[in-house]
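Note: hydrogens, waters and symmetry copies are ignored here, and every other heavy atom, side chains too, is used.
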Amino acid sequence: RKDFRAAVMLKPKDKDARKKYSHCVKQEKRLAFEKAIQTDDAPSAADSIDVDSIVVPASYSGPRLPESGITRDFVLELMNVFKGQGKLHKKYCLQILKAMKEYMRKQPSLVRITVPPPSGDTEPHI
């Protein structure tokens, strides 16, 4: 990059030198950006939690997550508990979060949709 910059400074009208210098600058910015967004695939803190070791006290009267996972009945019961200002035990909350994390991990990160072109008047009516 320094060589191309020097060439541009010596011959500012040299299109080839300016083009190569510009290309170098763009590549440096691209590499810096890639380095900035790079992440280590370190294990998540959620993966270190042993949900099975969390004990639900016998006195807990809220909904219990079935072994089969989240069901419609469980969700309806949970909604009723929340409407009554009740709470869900942290073990079940963590199980739901872990299931959701696994579900989201399997989903595509980008979904393309087709939006039809506008037809007729596109101005909002007031």
Which hydrophobic side chains are connected to Leu94, either touching it within the sub-4.5 Å cutoff or through other members that do?
Ile49, Val51, Ile54
When Ile, Leu, Val, Met, Phe, Trp and Tyr are grouped by side-chain heavy atoms lying under 4.5 Å apart, directly or through other members, which residues fall in the same group as Met104?
Met100, Tyr103
Same cluster (ILVMFWY, side-chain, under 4.5 Å), Leu76 and Ile96
yes
Hydrophobic cluster membership, Leu97 vs Val56, 4.5 Å side-chain cutoff
no
Just jot down the side-chain hydrogen bond (donor to acceptor under 3.5 Å, both in side chains) partners of Arg18, sequence neighbours excluded, or say none.
none
Which pairs pass salt bridge (charged side-chain N to carboxylate O under 4.0 Å, His left out) with one or both residues in residues 99-109, sequence neighbours excluded?
Asp47-Lys101, Glu102-Arg105
Side-chain (Tyr60) to main-chain (His89) donor-acceptor, under 3.5 angstrom:
yes
Checking side-chain contact (heavy atoms from CB on, under 4.5 Å) against Leu88, which of Val81, Leu65, Leu78 comes through?
Leu78
Value rounded to 0.5 Å, distance of CZ in Arg64 from CD in Gln95:
11.5 Å
Nearest 0.5 Å, please: how far is CD in Gln27 from OG in Ser22?
10.0 Å
Pairing residues for Lys98 by the salt bridge (Lys or Arg N to Asp or Glu O under 4.0 Å) criterion, not counting sequence neighbours
none
Hey, are the side chains of Pro63 and Tyr92 touching, using non-hydrogen atoms and a 4.5 Å cut-off?
no
Residue pairs, two or more places apart or on separate chains, that pass side-chain hydrogen bond (donor to acceptor under 3.5 Å, both in side chains) and touch residues 66-84:
none
